[in-house]
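Following: one structure in structure tokens, then a few remarks.
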Amino acid sequence: MTLRKLIAGNWKMHGGSAALAELLLMEAAAQRCPHVDVLLCPPYTLISEAARAVPHLIIGAQDCHTHASGAFTGNISALMLKDAGARATILGHSERRTMHHEEDALVCDKAQAAFHAGLLAIICVGESEAERDAGAALPRIEAQLTHSVPQDAALEQLVIAYEPIWAIGTGRTPSLEEIAAVHEAIHAHLVARFGERGAGVRILYGGSVKPSNAREILALPHVDGALVGGASLKAQDFIPIIEAA
Ligand code: PGA
């Protein structure tokens with residue numbers, strides 16, 4: 001089954017209103033590539049303006065809270081994101097798992113909140129360098145999938161992103177064979193757990209994706225797109241990645 005490719009950008013804590021000019025350029029490129037879904041996840045502060053300014057891009061968030069509303073100072077709910085014009089959210093990014101101590105169970109609850117709000121949930125998994133060196137990458141990813149992806153997940157709203165922690169922002173990537181092996185394992189997990197419908201869940205690769213390596217990574221089996229950090233900030237870097245899909 002060939003799935004529609006999804007190229008997603010994660011701006012992390014970068015970008016003010018001046019960055020909207022980059023989004024306009026990215027939107028024009030996305031319109032030239034109608035076979036690709038293009039998603040940009042700017043900081044919360046830009047979501048509503050971006051959703052209005054570039055309607056042909058999918059605008060998403062980088063996290064959400066488990067609850068719809070309440071006394072949670074500083075947090076944003078999935079329903080609020082939806083109301084602001086977001087159509088997706090990244091969940092369980094390794095920077096949240098590490099710096100904010102987010103565990104699989106919390107990521108799972110956040111995914112439920114995203115599904116209820118009608119958002120696409122991009123659940124991130126990936127091993128540390130020590131785990132890869134110890135030959136423990138696949139068991140680690142399998143455990144993250146088991147506990148971060150809800151048992152009754154809304155599969156049409158689910159995307160998995162494989163992001164080896166040691167490849168994020170480092171310029172290093174696994175070999176093509178290593179990426180293919182992990183994507184095959186994630187695909188097999190989804191099919192074993194959800195049946196044939198699991199085969200329709202897109203699996204993105206993330207970690208130092210750039211114009212020079214995007215095409216070969218995106219050509220691998222079960223690589224249905226990319227989650228791009230640094231190279232999604234500037235249109236001149238991100239557009240060639242869209243075009244490589
Ligand atoms: P990078 O980040 O592309 O800068 O490595 C990827 C990510 O953190 O999603």
Side-chain angles (χ1 to χ4, degrees), residues 5-15 19 22-23 26 29 36-44 46-47 50 57-64 86 88-102 107 110-111 114 119-129 131-132 137 140-141 144-145 148 158-176 178-179 182-183 186 202-218 220 223-245:
K5 290 263 197 293
L6 171 62
I7 302 299
N10 172 13
W11 279 11
K12 310 191 179 184
M13 200 171 73
H14 296 287
E22 299 294 325
L23 288 180
M26 294 172 188
V36 183
D37 288 335
V38 182
L39 162 66
L40 262 299
C41 300
Y44 291 133
L46 289 180
I47 286 176
L57 293 178
I58 305 168
I59 297 298
Q62 301 167 17
D63 184 35
C64 73
T89 186
I90 298 168
L91 294 173
H93 187 282
S94 67
E95 286 153 18
R96 305 262 349 148
R97 289 179 184 267
T98 309
M99 298 175 205
H100 298 267
H101 313 291
E102 295 197 2
V107 176
K110 289 183 173 193
L119 299 178
L120 211 60
I122 302 169
I123 299 180
C124 301
V125 296
E127 81 285 0
S128 67
E129 184 151 37
E131 286 163 342
R132 172 152 293 270
R140 176 79 187 116
I141 292 160
Q144 287 177 324
L145 289 171
S148 303
L158 176 65
V159 175
I160 303 295
Y162 167 52
E163 297 208 307
I165 298 170
W166 53 275
I168 294 174
T170 59
R172 297 162 58 207
T173 59
S175 69
L176 294 177
E178 288 167 332
I179 295 173
V182 174
H183 280 246
I186 295 173
R202 289 180 286 191
I203 308 169
L204 314 184
Y205 170 77
S208 296
V209 175
K210 46 195 175 223
S212 59
N213 64 14
R215 193 170 297 277
E216 56 188 10
I217 293 173
L218 289 165
L220 293 170
V223 175
D224 308 304
L227 180 53
V228 185
S232 72
L233 292 172
K234 291 277 173 239
Q236 67 183 45
D237 297 324
F238 197 53
I239 288 172
I241 298 173
I242 298 170
E243 290 171 345

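Order of appearance sets the numbers: ligands from 1, and atoms from 1 within every ligand.
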Nearest heavy-atom contact between P164 and G206 is CD-O, 3.3 Å
Show me the pairs that pass side chain to side chain donor-acceptor pair (under 3.5 Å) and involve residues 158-169, at least two apart or across chains.
H93-E163, E127-Y162, E127-W166, R132-Y162
For a quick test of your reading: what N or O donor-acceptor pairs under 3.5 Å do the side chains of residues 236-245 make, sequence neighbours left out?
none

Taking only heavy atoms of the protein into account, state which residues are under 4.0 angstrom from an atom of ligand 1, in chain and number order.
N10, K12, H93, E163, A167, I168, G169, G207, S208, L227, V228, G229, G230
S128 meets the side-chain hydrogen bond (donor to acceptor under 3.5 Å, both in side chains) criterion, sequence neighbours left out, with E131
Considering all heavy atoms of both residues, which atom of A114 and which atom of A121 are nearest to each other, and what is their separation?
CB-CB, 4.1 Å
L158/I123 under side-chain contact (heavy atoms from CB on, under 4.5 Å): CA gap, chis, key distance, verdict:
CA-CA 8 Å; L158 176 65; I123 299 180; 3.8 Å; yes
